[in-house]
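Structure first, then comments.
For ligands, and for the atoms within them, numbers begin at 1 and follow the listed sequence. Side chains included, hydrogens not; waters and symmetry mates left out as well; all remaining heavy atoms used.
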Amino acid sequence: MTIPPDPKRVLIFDTTLRDGEQSPGISLNTAEKLEIAQQLSRLGVDVIEAGFPITSRGDFEAVQEIARNVEGPIVTGLARTHAEDIDAAYQAVRDAERPRIHTFVSTSDIHITHQLQTTREDVEGQARAAVAHARGYLDDVEFSPMDATRADVEFTARVCRIAIEEGATTVNIPDTVGYTMPHEYAAYLRRLYELVPELRDVVLSVHCHDDLGLAVANSFAGVLAGARQVECAVNGIGERAGNASLEEIAMLLHTRQPDVGLHTGIVTTEIARTSRLVSRLTGYPVQPNKAVVGRNAFAHESGIHQDGVLKERTTYEIMDARTVGLEANAIVLGKHSGRHALQQALEDLGFPVSGQALNQAFRRFKEIADRKKQVTAMDLEALVTDELRDDLGAYSLEWFDVEASSRRPPHATVGITTPDGEERTGSFTGDGPVDAIFRAINAAAEADARLREFRVDAVTGGQDALGEVSVVTETGGWTASGQGVSTDILEAAGRAYVRALSTARRRARLDAERAEAQLAQAP
Ligand code: KIV
Ligand code: ZN
């Protein structure tokens, strides 16, 4: 059973790797997903939804890797009510310390009529069969009536009762399209409790999307109405406008704990680092004014505020930046530090590296330490995450030359390695040096990607800070994101761009696999 013994404890179900990965332009490889899952475990989440195993071999393998290697949280995989989905989810999570299957079917008439093209009776039957099938494998089964907030509450209640009769241990009520309002959602959950008193014997969960900017408020209303699991994603990423943001809900419950009386198992000091890792690996920058983790979340601009904070922090701050791990940026290494010191520093940061990976990290560290006097924890974190992205089967930037002048258009030549290991060069004259590099990469890769977004950030403060470039490209209607880090902005830009090309390629392959999987299951 997954019911927490403490009635005041709210379980955090993280869906960064499943719903979060459904954001446009994101496509994580298995190593990246594993890295995020290890960090989620350090963050103290209770459940990791690692993916949707039936959808592709890549999704399946990533869920299986996480199930086999990540200790602590429950690991779950998503499944429709089809027996093949549940079989795949079980095979993917079965090796976890604590495996869970999460199955779902829509209960709204709009979905039943137009998408599923079936009847309410059939949905009841699907829910019954799916939960029973999943319980045949595991004791921990979650059921979600999708689009519940736009569904008839009495019908949703009937389906939830069936799921509980068949042994579901968690019942999750999704606001799939981000339509509900806090008071309405709370009333819906209270009505469900009235109609299905058995809901008190299982964990009631909330899953809210942010289409109207209400995901966290709705989740909170759900918790106040009795839910004890919140489904959320780091930095609020997810389908369309995203899911409820993990850091916001965790810090809300933490900061207002004396008034609300509920708590989570989140290690708040790991929040900032988790947010940075997810942002780098997904290529989704965090908006500067984002609550809790935005660059400006603890910045004070007006003179009156600055004066107040200097006199007493609490005059204008309801949270201490240190509580979310934002000021843990000690200087760890300098240019004379050796391989062993680097290995130790990386281990302290939660990146155990050895062998070839250590050599590679050391080479990058030396390049950076030569140009930058002091290498901080945040620099190392950026560097290691950047290295992690260079996987096999991806494009990599080997070298580049740029000629820039105010009198002639800039010209770039690049050398890249293709996913098949082929070395190629490309040249182009662009509107600016960055544009020239991107077009030269397109020429070398024979790609027709177009730049949609370009952004430069500094990893830390100071003139010698590492630069971090994020790009979003579009190829044939598909968006893909990439990020690169270097002391040289042009190099960071080139790295970001080849990663976006790799993401686009991986997405195209996954989409083809997913389409094939769907065809295979068509009745
Ligand atoms: O938004 C949603 O309804 C979902 C379900 C699969 C839980 O993501
Ligand atoms: Zn969702």
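- Atoms of ligand 1 found under 4.0 Å from any heavy atom of Pro174, numbered from 1 in the order shown, are 2 (C), 3 (O).
- If you check the side chains of Asp147 and Tyr179, you find no donor sitting under 3.5 Å from an acceptor.
- Here the closest non-hydrogen pair linking Val471 and Phe454 is CG1-CD1, 3.8 Å.
- For ligand 1, the atoms closer than 4.0 angstrom to any heavy atom of Thr176 are 1 (O), 2 (C), 3 (O).
- An angle of 100° is found at the Zn ion (ligand 2) between His207 atom NE2 and His209 atom NE2, rounded to 10°.
- Heavy-atom separations between Arg18 and ligand 1 include at least one value shorter than 4.0 Å.
- Annotation: Arg450, atom CZ; neighbour count of heavy atoms from other residues, nucleotides and ligands within 6.0 Å does not exceed 12.
- Any N or O atom pair closer than 3.5 Å counts here, and His102 shares no such pair with ligand 1.
- Residue Glu231 has no N or O atom closer than 3.5 Å to an N or O atom of ligand 1.
- Among the backbone and side-chain atoms of Glu231, none of the N, O or S atoms lies under 2.8 Å from the Zn ion (ligand 2).
- Under the 6.0 Å distance and 45° angle rule, Arg200 counts as a cation-pi partner of Tyr193.
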Do Lys290 and Ser245 pass the side-chain contact (heavy atoms from CB on, under 4.5 Å) test, and can you show the C-alpha distance, the side-chain angles, and the key distance before you say yes or no? CA-CA 10 Å; Lys290 164 90 172 60; Ser245 135; 3.1 Å; yes
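- Looking only at its N/O/S atoms, Asp19 has OD2 as the one nearest to the Zn ion (ligand 2).
- For the 3.5 Å distance criterion, the side chains of Gln229 and Ser205 qualify, holding a donor opposite an acceptor.
- The single protein non-hydrogen atom nearest to atom 4 (C) of ligand 1 is His207 NE2, 3.5 Å, given as residue, atom name and distance.
- Scanning for salt bridge (Lys or Arg N to Asp or Glu O under 4.0 Å) contacts around Asp448 gives an empty result, with sequence neighbours left out.
- Close approach of ligand 1 to Met146 is summarised as follows: ligand atoms under 4.0 Å from at least one heavy atom of the residue are 3 (O).
- Taking every non-hydrogen atom of His209 and a distance limit under 4.0 Å, the qualifying atoms of ligand 1 come out as 1 (O).
- Ring orientation note: the planes of Phe13 and His102 are nearly perpendicular, at an angle over 60° on the 30°/60° scale.
- Residue Ser144 places no N or O, backbone or side chain, under 3.5 Å from any N or O of ligand 1.
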